[in-house]
Amino acid sequence: MEAKKCCIENLGSHVGEHVDVRGWVYLVRQHGKNLLFITLRDGTGFTQVVARRGISGYENLANIHREAVIRVVGEVIKDERSPYGYEIRAKHADVISPSSPTIEEEYQPDSSPEVLLNKRHLVIRGEKTSSILRYVAKVLKYFRAFCEERGLVEAIPPLITRAACEGGATLFPIKYFDETAYLTQSSQLYLEAALPALGNVYCIQKSFRAEKSRTRRHLTEYTHAEVELAFIEFNELMDFTEDLVIHIVQRTLEEDERILKKLGVDDLKVPKKPFKRLTYKEAVRKLNDEGVPIEEGDEIEESMERKLVDQLGEPLFLTEFPASQKAFYFKRKNGDITLSMDLLVPHVGEIIGGGMREDDYETLLLRLKEINANIEDYQWYLDLRKYGSVPHGGFGLGVERTVEWILRLPHIREACLFPRLINRLTP
Ligand code: 4AD
């Protein structure tokens with residue numbers, strides 16, 4: 001039978017026509033002796049196939065199992081009652097590849113997190129999990145679109161480096177022939193170097209953190225979307241950050257209604273500009289007022305971030321952290337107060353960290369000496385302050401944390417294809 005090859009996502013534009021769809025069987029239900037209902041998945045979406053005894057190839061379907069790959073030729077019917085909106089009334093079916101009957105034994109939806117992580121290569125095929133992973137791709141698309149609209153150029157910095165960006169404690173050393181190198185914690189230093197060559201820049205790269213934190217928001221390998229801007233002031237950097245976050249939420253509401261619905265998110269709103277801003281000192285005072293014991297100089301821990309931002313219900317900038325809590329490269333406002341910002345959101349806490357960079361050669365050299373850095377490894381970075389230094393700043397957005405926030409996920413691991421956690425290197 002002649003029919004147009006079509007993916008499930010596009011069924012809506014073929015109503016009343018015959019299509020040829022190929023995909024994996026997600027669910028089979030026999031209804032009486034003569035009717036099969038198959039939920040089919042092809043990566044672009046899910047649909048229902050109805051096959052009646054008597055169609056050509058019906059016997060091929062009789063013994064199929066979940067995850068068998070089939071080809072169905074049939075008519076597309078709009079069906080308001082179907083959870084997918086359309087169904088295919090099969091006229092013909094082939095089995096392209098069978099699947100063992102035992103997949104149900106591999107895991108159950110309510111299996112322990114450990115089992116679900118061990119079977120992640122199969123779990124990702126599920127409706128909810130695949131929707132989350134599709135949404136990750138959307139966030140990357142929205143981030144890129146925003147940066148491109150603002151005239152930023154995408155750069156690809158190296159992931160193997162000798163110059164630590166965020167301090168020695170969370171570095172992953174690797175053997176690099178006869179030397180020791182590190183997996184990058186952030187592409188920031190290289191983006192700074194790209195500024196005089198390319199103008200404002202961004203990148204989407206992996207960053208690595210040997211963090212022994214077992215929290216709902218820490219990975220050892222995560223997707224880092226970073227921006228570096230020349231000739232800006234601190235307030236302009238925060239404005240840019242706000243616009244980016246608003247852009248991502250706005251596009252999500254415009255394009256991802258189905259994903260939001262699938263994840264049960266019905267209260268996502270575009271945050272209002274300007275976001276509330278609290279300095280570190282103000283935040284400490286506020287926490288104390290609310291009975292949280294914290295002294296000036298202490299870290300604002302995750303639970304404290306959540307206390308500040310969850311009750312606000314909107315994104316919140318924390319700014320001007322003490323230098324002792326921030327990396328060597330931060331420009332200071334005065335004394336030991338840095339021009340730094342963290343953007344906190346309800347449900348997760350920090351999703352963005354950034355600020356202004358020290359642009360004076362002597363001061364930066366002093367900062368590197370203060371942390372006992374091997375100056376040779378940073379000579380190239382110091383050169384940037386020697387040859388045409390300008391005021392500049394930027395930030396990094398944690399992609400998985402952003403997805404965790406927008407889709408209200410219970411754990412960051414849900415936002416990764418294959419999460420890397422303290423005790424997890426497989427699959
Ligand atoms: O605040 P961080 O450490 O900032 C930097 O790395 C800067 N050099 C970025 C820059 O200015 N270009 O990290 C930025 C963001 C955090 O806000 C968080 O969203 C994410 O990266 N992040 C993590 N995400 C998952 N797991 C981890 N272990 C993370 N560590 C940081």
Side-chain angles (χ1 to χ4, degrees), residues 136 139 143 147 152 155 157 159 161 163-172 182-195 200-230 232 234 237-238 240-241 244-245 248 280 299-300 302 305 309 315-319 321 325-331 338-345 347-358 381 392-406 409 411-416 419-422 424:
V136 173
V139 170
F143 175 81
C147 290
L152 278 64
L159 300 184
T161 177
C165 186
E166 300 299 319
T170 62
L171 278 174
F172 273 119
Y182 304 103
L183 294 178
T184 196
Q185 298 161 306
S186 159
S187 298
Q188 176 198 321
L189 307 188
Y190 293 102
L191 288 186
E192 288 183 61
L195 274 184
N200 294 339
V201 277
Y202 72 96
C203 71
I204 300 177
Q205 290 273 57
K206 286 301 188 96
S207 280
F208 303 86
R209 305 278 170 110
E211 274 180 295
K212 295 228 164 103
S213 324
R214 273 178 216 270
T215 75
R216 300 184 317 113
R217 62 176 201 179
H218 282 91
L219 296 162
T220 52
E221 174 183 330
Y222 72 96
T223 314
H224 207 172
E226 296 181 85
V227 159
E228 200 62 35
L229 306 169
I232 51 150
F234 191 38
L237 177 65
M238 283 194 278
F240 186 99
T241 311
L244 167 68
V245 172
I248 292 175
Y280 167 84
E299 289 260 354
I300 298 183
E302 181 178 342
E305 288 183 0
V309 74
L316 165 69
F317 276 117
L318 293 189
T319 64
F321 288 84
Q325 292 179 17
K326 288 288 171 189
F328 70 95
Y329 54 73
F330 277 95
K331 194 173 176 71
T338 56
L339 288 174
S340 54
M341 57 160 202
D342 282 0
L343 183 72
L344 316 188
V345 293
H347 180 73
V348 175
E350 183 195 338
I351 59 164
I352 291 177
M356 300 298 293
R357 323 305 189 191
E358 181 51 67
Y381 186 64
H392 66 288
F395 60 83
L397 168 145
V399 172
E400 293 85 355
R401 283 193 191 181
T402 304
V403 172
E404 188 182 3
W405 164 50
I406 293 180
L409 302 180
H411 197 291
I412 194 167
R413 62 180 174 234
E414 314 256 328
C416 304
R420 292 289 173 258
L421 303 160
I422 301 181
R424 173 132 324 253

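Indexing begins at 1, ligand by ligand and atom by atom, following the structure's order.
- Looking at ligand 1, you'll find an N or O of Q188 within less than 3.5 Å of one of its N or O atoms.
- Checked by distance only, ligand 1 and C165 stay at 3.5 Å or farther apart across all their nitrogen or oxygen atoms.
- Closest protein heavy atom to atom 5 (C) of ligand 1: E166 OE2, 3.4 Å.
- In terms of protein heavy-atom proximity, atom 27 (C) of ligand 1 is closest to L219 O, 3.5 Å.
- Taking 4.5 Å as the limit, some side-chain heavy atom of F172 sits within range of a side-chain heavy atom of T220.
- Distances from ligand 1 to the non-hydrogen atoms of M341 include no value under 4.0 Å.
- With hydrogens left out, the protein atom closest to atom 19 (O) of ligand 1 is I351 O, 2.8 Å, a heavy atom.
- Looking at Q205, its side chain does come within 3.5 Å of a backbone N or O of P157 through a donor-acceptor pair.
- The nearest heavy-atom contact from the protein to atom 4 (O) of ligand 1 is G353 O, 4.0 Å.
- When the options G167, G396, C416, G355 are ranked by their closest heavy atom to atom 15 (C) of ligand 1, first place goes to G396.
- For the residue pair Y202/E228, the side-chain donor-acceptor check at 3.5 Å is not satisfied.
- The nearest non-hydrogen atom to atom 3 (O) of ligand 1, considering only Q185, E350, R209, comes from R209.
- A side-chain donor-acceptor contact under 3.5 Å links N200 to the backbone of A230.
- The backbone N or O of F330 lies less than 3.5 Å from no partner atom in the side chain of T338, so there is not a single donor-acceptor pair.
- Every atom of ligand 1 is numbered from 1 in the order shown, and the set under 4.0 Å from a heavy atom of E211 is 27 (C), 28 (N), 30 (N).
- Only the side chain of Y329 comes within contact range of ligand 1, with a heavy atom under 4.0 Å; no backbone atom does.
- The distance from atom CE of M341 to atom CG of L316, rounded to the nearest 0.5 Å, is 12.5 Å.
- Checking Y190 against T161 by side-chain atom types alone, a donor-acceptor pair falls below 3.5 Å.
- Side-chain N or O atoms of Q185 include one that pairs as donor or acceptor with a backbone N or O of C165 at under 3.5 Å.
- For the pair V227 and ligand 1, the shortest N or O to N or O distance does not fall below 3.5 Å.
- No side-chain heavy atom of E414 sits under 4.5 Å from any side-chain heavy atom of E400.
- Polar contact with ligand 1: present for S186 (N/O pair, distance under 3.5 Å).
- Of the candidates E226, E228, R357, R357 brings a heavy atom nearest to atom 11 (O) of ligand 1.
- Partner of R217 under the salt bridge (Lys or Arg N to Asp or Glu O under 4.0 Å) criterion, out of E305, E404, E350: E305 alone.
- There is no side-chain donor-acceptor pair under 3.5 Å between Y329 and E192.
- Counting the atoms of ligand 1 from 1 in the order shown, those under 4.0 Å from a heavy atom of R217 are 25 (C), 26 (N).
- Checking side-chain atoms of S207 against main-chain N and O of H224 turns up no donor-acceptor pair under 3.5 Å.
- Here's the thing with G354: none of its N/O atoms is less than 3.5 angstrom from an N/O atom of ligand 1.
- Of the protein's heavy atoms, R401 NH1, 3.7 Å lies nearest to atom 18 (C) of ligand 1.
- Side-chain atoms of C147 and V227, non-hydrogen and from C-beta on, do get closer than 4.5 Å to each other.
- Ligand 1 places these atoms under 4.0 Å from at least one heavy atom of I352: 17 (O).
- Distances from atom 23 (C) of ligand 1 to the heavy atoms of W405, Y222, F330, F395 show the closest one on Y222.
- Here E400 has no heavy atoms under 4.0 Å from ligand 1, in either its backbone or its side chain.
- An N or O contact shorter than 3.5 Å is missing between L397 and ligand 1 by distance.
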